[in-house]
Every structure is written in structure tokens, then in C-alpha cells.
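Heads up: the structure comes next, in C-alpha cells.
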There are 2 protein chains.
Amino acid sequence: MDSGKSGVSESAVNCQPQKKSKPRQKNEEAILSAAEKVFAELGFAGATTNLIARHAGVPKATLHYYFQTKEELYRTVIKKIFAIWLQAAETFDDCDDPADALARYIRAKMNISREHSLGSKIWAQEIMQGAPQIQDFLDQTLKSWTASRVKIIERWIAEGKIDPVNPDYLLYMIWSATQHHADFAHQINSLNDGQPLSDEQFEEALQTITNVILRGIGLPVKPVDE
Amino acid sequence: MDSGKSGVSESAVNCQPQKKSKPRQKNEEAILSAAEKVFAELGFAGATTNLIARHAGVPKATLHYYFQTKEELYRTVIKKIFAIWLQAAETFDDCDDPADALARYIRAKMNISREHSLGSKIWAQEIMQGAPQIQDFLDQTLKSWTASRVKIIERWIAEGKIDPVNPDYLLYMIWSATQHHADFAHQINSLNDGQPLSDEQFEEALQTITNVILRGIGLPVKPVDE
DNA sequence: AATAAAACTGACCATATGGTCAAAAACCGT
DNA sequence: ACGGTTTTTGACCATATGGTCAGTTTTATT
């Protein structure tokens, strides 16, 4: 995906099958990580390549050597976030037990919200601003993924496993409830005496969401085992 | 440093108790409205006073005559959004019937999401970026409001009217589910064949949220009358 | 009509930004 | 050691931005 470099593929077949030199890899990661943070905190327009470069500990010109334009850098960051989204999406599988499937999916999304809150914020801002970079994802991947899960939910309803509910709007509830903990973490923290949720609090929030959703569609909630 | 306006306070007390002349009012509103749109779409940093002025149909210098700095303009917009938030907050009153109170509050928040989606987006971005302008609101108004509603919910639980649930996380669910329809409207539209939700769809989304939440905390859901 | 005050705006400025480039430095196979 | 290739980066540039200001126009008051 980058410079041709003719036959030189596995020049030095080290222990790892890595395609990029070590320092290059390191720089790229530092830049991407810095970019994720700055984009999340300042938005695409507010982020400056200079600031990102400083955060990454490299001169601005170096950043532009790795990523020609700010937009290219932004797109690369977005792609990584997309991959993470996919990973969570796969946990929503077509198993027989709706309670299990939904609980697992909710947990996966909550964990992502916690572990990748920067990415979640970038994603949210991107969509709020009209998805200038990811419209195709919305129209394709997300749309077909949603359609397939809607079918599963409809089947659950038809089989009498859950109460009738509009599957789309149910999914939106799950997305919003879980992502809220990433996107609005600052607000949640402010209401929590300025402290991030502890592990226990986070678990309780997850349980609250899971219980309300599951019960909300007529599923029995298994008692929390202590 | 300052442009005159020394002792000039309230020059002419006209017949009307209006503080501002007609054209001034009109311009100010046009600028504020344009600002709301541009801030929502580009974020604070991405919005330019030039663009806002063009949207409002006035020269940039005029904008800066009304609002000295971009930040002052932004703060004015935020204040208006805050007022709207307050308005919805008041619908969460301390009535005996949790189902009524919650359903009404959810409806109020959903309506705001629909009618003031730009403001909701600005609010969301502001919080995602660490609430640089509204930290005091979070720490004061929001915190005390939340505390008072938490008390109400706890009373409902104590009275056995609803199932035990963490009130904070329940509130977060309501906020997220309703605001999602504003902040992620673009995504929702994309999944809805590019069309905004019709009145009927919106009503169904509202019903879905209300039903899931109410049933989720052990409340009977009144059948939707057709 | 005359005057003063307020409203408006074109032209301007200092600064910051994304991005370039040429030259230097590090790296490479031979 | 050598020639070529890839990395690295300080200096630079064109542009855009927030904001100013002096001069003009409009409005209000007498």
C-alpha cells in the first residue's frame, strides 16, 4: 500500500513478519496515537499537524513525510477505529438466546467505549458533522450489518422470544447507551466528583444498561452472581 | 482597547420594553442562527467568523461589531442551548407516577432532539472536547439537578414503584437514547434510506425508547392507543 | 435641517496553518 | 569505502484566520 520497493518484501525475515522497519513503525504509531488524541480533543479542523507532531515527538515535516496531508492522517485514524467497530459488531452473533447475544454485544460495546474512548469521540464528531469521510461506510457496511441484525431480532420476535419492538430503534438504544460512556465520559466524570468511573461503577453501569434493555424487551434478567 | 461606550447605558427608554432596536435584533438573530448551524457542522475550531457572517448575510466586520470575538459568539450560542436544556429539565417533576414523569421527560427530550438538533450537537461536541466553556454548568446546575432527580428515583424505588436501578445510570440511558436522535441523526438517516425519520417513525422511536425504559425498570406500559 | 450618536463595513494586519523543498543525515547492498 | 536510496528536518511559502479601525452611512434628537 506504500512505496513499491520492488522485490524487497521480506528482506530480513525476522522473528516477526513485519513489513516496515522498526523506527518507521514506531514513528507511525506515535503519530497515529497522537493524532487520535488531538483529533478527539480538538476535532478535525481544530487539530493542527503541528500539535499532533509535537505530541508524537517529531517535527511537523516528519509527520508530513509519513502522512502527506492532514486528511490522509485523519482517514488512517478513522480506518483503525472502523476496524475496532467491526470487531465489536462480530460479537452480535446469531445465537438462539437473545439474552445472551444482546448481553454479550452490550458488554463488547461498553468495553470498547472504555478502551477506545478517543476513537469513539472521533467517530461521533465525524457523524455529527455529516460523515464527510465515512459516508460510504454508513451506506454500505453499517447498513448491511444493521439489516442483518434487524432480521435476527425480528426472528426472535416472531419466535416469541422477545416482545415486539422496532429492531432499528432498539439497536440505536444500545449504541447510544454504550457509546455515551465514551463520548460523554467527561460529563459522567463531572457528575462523579470529577473521577472516572471505577471498575465497580463501570460494571454497575453495564449491568444497568443490560438489565434495562433486556427487561425492556421482555427478557428475564439473570441475577448478578456475586 | 474598548470602543467608547463609556457612560452610555440605557439611552432611550422607548415605549416598548425591548432592549434592542428592530434591525439590531434581526441581525443578532441571524448571526446567532448562522453561528449555531456552522458551529454544529464544523465545531468551534472549524467554524470561521467569515463563514458564519456569510450565512447570516452580513459582512464579517458586522459580526464582530455584534460579537467581539468568536468565543463570545460561541458562548452566547451555548447559553441559548442551556436555556433549552433547562426547559426540558423542568418537565421531570416530582409527581407520584414514575411512568408519567419519565414518559413525559423522555418525550420532552426527544422533542428537543428533533427541534434543536444543532444545539444538541454543539453541546455534545463541547462535552466531548472537555467542556472548556461549560464546566461550571456541569459542576453546578447539572450536578444539582441530577442529584435532585436521583433522589426522586430513589424514592420511587423505596416505595416499590419501580425496580431497583442505579438512578444515575438510568438517567444516562435516557439522555443518551434521546440525544442520539439529534447527534447521530445523520447516521440514522443514512440507515433510513437517506431520509429523516417521518413523524410516524419518530413517534415509533419515541415509543420504543419509552417502552423499553419503563418496562426495563418494572413499570407497566400503557398500550399505545391508536 | 443640523447635529450627535449609533450602526455598519471595506480594507487592512499580525499570526497561524497546511504543506513544500532542498539539503543533510542515516541506511543500504556491493 | 562507495554510490545510491530512503529518512529526516529546518526554513520557507501561500493562504486563511480572527480581529481591528478609520471612515461612511443610517438613525435618533433637537
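As a basis for the values below, the full set of heavy atoms in this structure was taken, side chains included, without hydrogen atoms, waters or symmetry mates. Below, chains carry the letters A, B, ... as their sequence lines are ordered, and counting in each starts from 1.
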Margin query: Centre-to-centre under 6.0 Å for Trp175(B) and Phe184(A), is that the case here?
Written below: no

Next item on the list: State plainly whether the residues Lys151(A) and Asp94(A) are in salt-bridge range, i.e. N to O under 4.0 Å.
Entry: no

Note to self: Whole angstroms only, please: what is the OH-P distance between Tyr74(B) and dG18(D)?
What the structure shows: 14 Å

Check: Once the angle between the rings of Tyr172(B) and His181(A) is folded into 0 to 90°, is it parallel (under 30°), tilted (30 to 60°) or perpendicular (over 60°)?
Finding: perpendicular

Notebook entry, point to check: Nearest-Å distance, CG (Leu73(A)) to P (dT17(C))?
Noted result: 16 Å

For residues 39-57 of chain B, please give each side-chain donor-acceptor pair under 3.5 Å, one per line with the distance, not counting sequence neighbours.
unit_1	atom_1	unit_2	atom_2	d
Thr48(B)	OG1	Leu51(B)	N	3.0
Thr49(B)	OG1	His64(B)	NE2	3.4

Item checked: Nearest-angstrom distance from the residue atom CZ of Arg54(A) to P of dG18(C) -> 11 Å

Notebook entry, point to check: What does Ala53(A) touch in the nucleic acid at a heavy-atom separation under 4.0 angstrom: a base, only the sugar-phosphate, or nothing?
Noted result: nothing

Notebook entry, point to check: Which residues in residues 59-68 of chain A have at least one heavy atom lying under 4.0 Å from any atom of DNA chain D?
Noted result: Pro59(A), Ala61(A), Thr62(A), Tyr65(A), Tyr66(A)

Check: Parallel, tilted or perpendicular: which fits the ring planes of Phe92(A) and Tyr105(A), with parallel below 30° and perpendicular above 60°?
Finding: tilted

Next item on the list: Using a heavy-atom cut-off of under 4.0 Å over every strand shown, decide if Ala45(B) touches base, sugar-phosphate, or nothing.
Entry: nothing

Next item on the list: Ignoring backbone atoms, establish whether Thr49(A) has a side-chain N or O less than 4.0 Å from OP1 or OP2 of dG18(C).
Entry: yes

Notebook entry, point to check: Between Leu42(B) (CG) and dA16(D) (P), how many Å, whole number?
Noted result: 15 Å

Margin query: I need the CD-P distance between Glu71(B) and dT17(D), as an integer number of Å.
Written below: 18 Å

Item checked: Spacing between Glu72(B) atom CD and dG18(D) atom P, to the nearest angstrom -> 15 Å

Check: For dG19(C), does either OP1 or OP2 sit under 4.0 Å from a side-chain N or O belonging to Asn50(A)?
Finding: no

Check: If you count the non-hydrogen atoms of other residues, nucleotides and ligands that lie under 6.0 Å from NZ in Lys37(A), is the total more than 12?
Finding: no

Next item on the list: For the side chain of Lys70(B), starting at C-beta, report the closest nucleotide among dG18(D), dC8(C), dG19(C).
Entry: dG18(D)

Next item on the list: Kindly write out the residues that satisfy side-chain contact (heavy atoms from CB on, under 4.5 Å) with His186(A), not counting sequence neighbours, or none if the list is empty.
Entry: Ser190(A), Ile127(B), Ala131(B), Gln135(B), Leu138(B)

